[in-house]
Amino acid sequence: MLSAYSYLCDKETQISMIEKINALKEELSNLKAANAAAVEELRIKYLSKKGTISALMNDFRNVPAESKRELGQALNELKSFATERINSLREALAGDNGDADALDLTRTAAPVRLGTRHPLSLVREQIIDIFRRLGFTIAEGPEVEDDWHVFESLNFPPDHPARDMQDTFFISRNPDVLLRTHTSSVQTRVMTSQKPPIRIICPGRVYRNEAISARAHCFFHQVEALYIDKKVTFADLRQTLLYFAREMFGPQTQIRLRPSYFPFTEPSAEMDISCDLCGGKGCSFCKGTGWVEILGCGMVDPNVLSACGIDPEEYSGFALGMGVERITNLKYRVKDLRLFSENDKRFLDEFVAAH
């Protein structure tokens, strides 16, 4: 008796759904809308997640298995019919007077020229994309920082010139609060909050107390990278740098590493790339050397790892940093840094083809 009762209930559900589908089709055939807002109301009524057709889809679960194919096809046809009907109403309004309501009669008849992306943004995104392919993720931090994250944790001695007010912007004469001079402060924040392996790239704006000229500015943009794991070697750093240089400047690019000094890396190096203007033969751009300096790098100093709570006996890593303005100068031959921040539309229009 229970199975017969269930069969009758399921059969009633099936008949009821067929009647609802037919009624909805007739209702949809007679739809009218006076404006775009009315069309949107109809779309919500019939096609939204809480609409009439979605409710029918929920009732479809109670249909007997032998009828699911037939009813499922009917429901799909109903949904397609409703979509086409509402789209036709929208198109009819657009072709009739739908655009007239949105027409701005005060707009100039001349074409509106769209803006272009800033060259620094173009180069920054290209740098990030290259490192993303190597598995690096983006990390960001505050531009107003404290002395520990900017200097002390990075092995800067107390008498280092960078700590002088002539080189760094301090806030409200407080020697512990300053505008970050490099995005390495983001690296220390990550190292103190995450356990290795760490593979991050840190793009951002930095500030230094320098006179503004064609070759220097009081603010500029950096991208730094950090990789910490077990058994990371200088060979890993060199291969990463070679890959970056060839992806950024072309497959013919060669690199050269020169010994240098940075408080937070040991050993440290500066990287040059072969001049793409003269092919390494020597020209005025590379000052006759055939090489152009591009960035600084090195193995993370064990003192920095210890300060951030990472065991230097178990982990090692490398870091590198570059100025986005420097890379942009090399790619597009921009000789005056001030052009990047003066918002001269004539200058920005030169980079339309770079998009």
Side-chain angles (χ1 to χ4, degrees), residues 127 130-131 134-137 139 141 145-164 167-168 178 180-204 206 208 220 222-245 254-273 291-324 326-327:
I127 295 171
I130 293 171
F131 279 94
L134 294 172
F136 287 77
T137 59
E145 267 288 8
D146 57 68
D147 180 87
W148 191 88
H149 286 97
V150 175
F151 295 130
E152 187 175 344
S153 64
L154 293 168
N155 209 35
F156 281 82
D159 57 349
H160 195 278
R163 292 176 180 259
D164 294 339
D167 289 293
T168 302
L178 57 138
R180 65 184 182 188
T181 58
H182 47 199
T183 54
S184 302
S185 57
V186 181
Q187 298 179 14
T188 59
R189 286 184 174 274
V190 172
M191 284 190 284
T192 54
S193 61
Q194 296 182 22
K195 294 182 178 179
I198 296 170
R199 196 193 300 250
I200 58 169
I201 185 170
C202 313
V206 299
R208 294 186 187 171
F220 54 97
Q222 277 190 340
V223 175
E224 298 192 26
L226 174 71
Y227 177 39
I228 296 177
D229 204 348
K230 296 179 180 178
K231 299 181 180 180
V232 177
T233 67
F234 201 93
D236 298 317
L237 170 60
R238 186 189 182 282
Q239 200 61 29
T240 300
L241 294 172
L242 180 62
Y243 175 81
F244 166 74
Q254 300 297 319
I255 68 170
R256 179 179 73 175
L257 295 173
R258 294 179 288 105
S260 186
Y261 167 76
F262 303 110
F264 36 85
T265 53
E266 178 59 38
S268 303
E270 289 182 348
M271 188 184 90
D272 304 329
I273 61 169
W291 299 93
V292 181
E293 181 186 337
I294 185 175
L295 57 82
C297 60
M299 302 300 293
V300 180
D301 193 295
N303 291 335
V304 174
L305 294 175
S306 298
C308 295
I310 296 175
D311 185 359
E313 298 294 329
E314 184 177 4
Y315 294 99
S316 58
F318 66 73
L320 59 97
M322 68 194 81
V324 180
R326 177 65 172 165
I327 307 297

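Note that the structure is predicted; figures quoted are calculated from it, not measured.
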- Task: Measure across K231 and D236 and return the closest heavy-atom pair with its distance rounded to 0.1 Å.
- Result: O-OD2, 3.9 Å
- Reported CD-to-CD1 distance for the pair Q194 and I228, which is rounded to 0.5 angstrom: 10.0 Å
- Salt bridge E145-R189, side-chain N to carboxylate O under 4.0 Å: yes
- Using modelled atom types only, decide if a donor and an acceptor are shared between the side chain of R326 and the backbone of E293 within a distance under 3.5 Å. yes
- Count the heavy atoms belonging to other residues, nucleotides or ligands that lie under 6.0 Å from CZ of R208, then report whether that count exceeds 12. yes
- Query: With a 4.5 Å limit on heavy-atom distance, are the side chains of I127 and M322 in contact?
  - Reply: yes
- Item | Shortest non-hydrogen contact between W291 and I255, atoms and distance | CZ3-C, 3.7 Å
- Message: I'd like to know if the side chain of S316 and the backbone of V232 have a donor-acceptor N/O pair within less than 3.5 Å.
- Response: yes
- Item | Main-chain N/O of W148 paired to S153 side chain as donor or acceptor, under 3.5 Å | yes
- Under 3.5 Å, is there a donor-acceptor pair between the side chain of H149 and the main chain of V186? no
- Message: Give me the atom names and distance for the closest heavy-atom approach of L295 to F244.
- Response: CD2-CE2, 4.3 Å
- Message: A side-chain contact here means heavy atoms from C-beta on lying under 4.5 Å apart; do M271 and I273 qualify?
- Response: yes
- Give the ring-plane orientation class for H182 versus F151, where under 30° counts as parallel, over 60° as perpendicular and anything between as tilted. tilted
- Query: Which pair of heavy atoms, one from R258 and one from D272, lies closest together, and at what distance?
  - Reply: NE-OD2, 2.6 Å
- Item | Plane angle bin for Y227 and F318 - parallel if under 30°, tilted between 30 and 60°, otherwise perpendicular | perpendicular
- Between the main-chain N or O of D146 and the side-chain N or O of R180, is there a donor-acceptor pair closer than 3.5 Å? no
- Task: Work out which heavy atom in T188 is nearest to a heavy atom in S185; give both atom names and the distance.
- Result: OG1-O, 2.7 Å
- Query: Taking the side chain as C-beta and beyond, is there a heavy-atom pair between S306 and D311 under 4.5 Å?
  - Reply: no
- Does C297 reach the side chain of L237, with side-chain heavy atoms less than 4.5 Å apart? yes
- Query: So, for A139 and V190, which heavy atoms are closest and what is the spacing to 0.1 Å?
  - Reply: CB-CG2, 3.9 Å
- Within-4.5 Å side-chain heavy-atom neighbours: T183 and V223: no
- Keeping the roles fixed (side chain from E224, backbone from C202), state whether a donor-acceptor pair exists under 3.5 Å. no
- Message: So, taking the atom named CG in D147 and the one named CG in L178, what distance separates them when rounded to the nearest 0.5 Å?
- Response: 6.5 Å
- To the nearest 0.5 Å, atom CD1 of I198 lies from atom OG of S193 at 7.5 Å
- Message: Let me confirm one number: the CG-CD1 distance from L305 to I310, rounded to the nearest 0.5 Å.
- Response: 5.5 Å
- Message: Using a 3.5 Å distance criterion without hydrogens, assess whether the side chain of N155 forms a donor-acceptor pair with backbone atoms of N303.
- Response: no
